[in-house]
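Contents: one structure, followed by commentary.
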2 protein chains.
Amino acid sequence: MNPKFLSLPEEKQQAILNAGYHVFSQNTYKKSPMSEIAEAAGISKALLFHYFHNKKELYLFLWDTCARVTVEEMEKSGCYEQTDLFAGMNYGMQAKMRITRRYPDMALFAVKAFYEKDPEVSGEIQKSMEGYLSVHARRKLQEVDPDDFIPGIDLNMMYMEMYWASEGYLWEFLQRGSMDFDEMECGFQKLLDFWKSVYLKKPQEEAQ
Amino acid sequence: MNPKFLSLPEEKQQAILNAGYHVFSQNTYKKSPMSEIAEAAGISKALLFHYFHNKKELYLFLWDTCARVTVEEMEKSGCYEQTDLFAGMNYGMQAKMRITRRYPDMALFAVKAFYEKDPEVSGEIQKSMEGYLSVHARRKLQEVDPDDFIPGIDLNMMYMEMYWASEGYLWEFLQRGSMDFDEMECGFQKLLDFWKSVYLKKPQEEAQ
DNA sequence: ATGAGCATTGACCGAAACGGTTAACAGAGG
DNA sequence: CCTCTGTTAACCGTTTCGGTCAATGCTCAT
């Protein structure tokens, strides 16, 4: 990557990266044309090749950026330090949405890249992925106090259920392209409240 | 479409359709080559063009088949006649999985097709979609007896939550390509049991 | 054996798209 | 005026695309 790219104004950098995320998230690696990315970024193809020597380099730069930004934003959110499970999920989701605000197509790109099969890039994606696989979830769940929840509940199942619902919820927004972040956040807040209302032990029950 | 296609042996027809679903679900319409579909189906490109006069015709035939099969299988499952909400979801999911067994990439194709923007096909997709939008969900929810559930629960939220979780659950399997249907069905059964255990009023509570 | 009729394909076509290069242009600073 | 930097239109050789067609084999009644 040409270091001149990094000294570009922030918003121009983001425009180029977002263009890349968009095109690569909609097509396979081989069928994502550099010309299309350049057009989406509002620059000429030649200039795009000036910043990134070739397609592979751009693709892997996008992947690295994706990983770096995600890790950074997650750490910064403080979601891992939360002792309350729901508060942790809340901070995590908020971090995810902050990222999606800046790079709307990054989440879809990440999924596609993870399952990309083109030999020109698949090897390096898989290699770099090994380091990132999350072990936070299981650890997180071992910290919670079962007494806070309704008696007899399967906590593992509850966690998986919430995870799947979050994915399905996010997925619904990601699919339709244009996103209303306030609506998204508000909706997830309600989802959290719902979970709390059914999974947590009620105060009067606790008093009994 | 050449009527000779319909008199092909069932499994050959399915092989061709599945090849179409697979390729069109991975790429946009314009970037889904007929040659790739033919290869995936195990026939020559020329023969594919013998059955379907052109790409657009194949694409729309796939779309119509998708809609028809889905409606048929859902009706046949009896999920709409169930009075018990969870039993209805169970039958519905089983129908969805029967379809996925026959046409593994149909679900992904449907989503992609719905959001396809290529003017050559997007118009007809949207037009045909108008008829299919489901009104079953809301009606279904009005039939349930709130007394069956834990007191104070937001039934609409519960329904949306279950819907999102189902989507997220299915999505997890769809993504990784190779699917173990037994595992899939077993997992969903557990999810249903979990929902029943937390959302439904307990017998002893009812006895109080 | 023969030939009519059908399923199937390899080879081909013109057009378009691809990744990548290059020579030239525009504008700011001295 | 010249130079340096950011930027692009135009181009190149190659590949891929949708679609066609003549030719190949296959089946089966004569």
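All heavy atoms count here, side chains included; hydrogens, waters and symmetry mates do not. Proteins get letters first, then strands, A, B, ... in listed order; numbering begins at 1 in each.
B/Gln82 contributes no side-chain N or O that, together with a main-chain N or O of B/Asp84, makes up a donor-acceptor pair within less than 3.5 Å.
Distance, A/Lys56 NZ to C/dG20 C1': 16 Å, rounded to whole Å. A/Met34 places its CE atom 21 Å from the P atom of D/dT14, with the value rounded to the nearest Å. Here C/dG20 presents its P atom at 8 Å from NZ of A/Lys55, a figure rounded to the nearest Å. The CD-C1' distance, from A/Glu120 to C/dC18, rounds to 13 Å in whole Å. Look at CZ on A/Phe5: it is 12 Å from P on D/dT7, rounded to the nearest Å. In this structure, A/Gln13 atom CD and D/dG6 atom C1' are separated by 15 Å, rounded to whole Å. Going from atom CG of A/Asn27 over to atom C1' of C/dA17 covers 13 Å, rounded to whole Å. One can place CZ of A/Phe49 at 6 Å from P of C/dG19, the figure rounded to the nearest angstrom.
At a threshold of 4.0 angstrom between heavy atoms, the contacts of A/Tyr51 are confined to the sugar-phosphate backbone, with no base atom among them. Among the protein residues, B/Lys45 comes within range of the nucleic acid bases, having at least one heavy atom under 4.0 Å from a base atom. B/Ser32 comes within contact range of the sugar-phosphate backbone alone, with a heavy-atom separation under 4.0 Å but no base atom that close.
Regarding contacts with the backbone of C/dC18, a side-chain N or O of A/Ser35 is found under 4.0 angstrom from either OP1 or OP2. The shortest distance between the side-chain N/O atoms of A/Lys4 and the OP1/OP2 oxygens of D/dT5 is not below 4.0 Å.
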>> Show, in sequence, the C-alpha distance, side-chain angles and deciding distance for A/Glu36 and B/Lys31, and conclude whether the salt bridge (charged side-chain N to carboxylate O under 4.0 Å, His left out) test is met.
In response: CA-CA 13 Å; A/Glu36 205 170 302; B/Lys31 293 181 185 169; 2.8 Å; yes
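If A/Lys31 and A/Ala46 are placed on DNA chain C by their nearest nucleotide, the residue sitting closer to the 5' end is A/Lys31. Each of A/Lys30 and A/Ser44 was assigned the nucleotide of DNA chain D with the nearest heavy atom; the assignment lying further toward the 5' end belongs to A/Ser44.
Comparing D/dG19, D/dT7, C/dG19 by their closest approach to the side chain of B/Asn54 singles out D/dG19.
Within a 6.0 Å radius of CD in B/Glu39, no more than 12 heavy atoms belonging to other residues, nucleotides or ligands are found.
Using modelled atom types and a 3.5 Å distance limit, the side chains of A/Trp171 and B/Glu167 yield no donor-acceptor pair.
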Can you list, pair by pair, the side-chain donor-acceptor contacts under 3.5 Å of residues 47-55 of chain B, counting residues two or more places apart and other chains?
unit_1	atom_1	unit_2	atom_2	d
B/His53	ND1	B/Glu57	OE1	3.0
B/Asn54	OD1	B/Lys56	N	3.3
B/Asn54	OD1	B/Glu57	N	2.9
B/Lys55	NZ	B/Tyr29	O	3.0
B/Lys55	NZ	B/Lys30	O	3.2
B/Lys55	NZ	B/Ser32	O	3.0

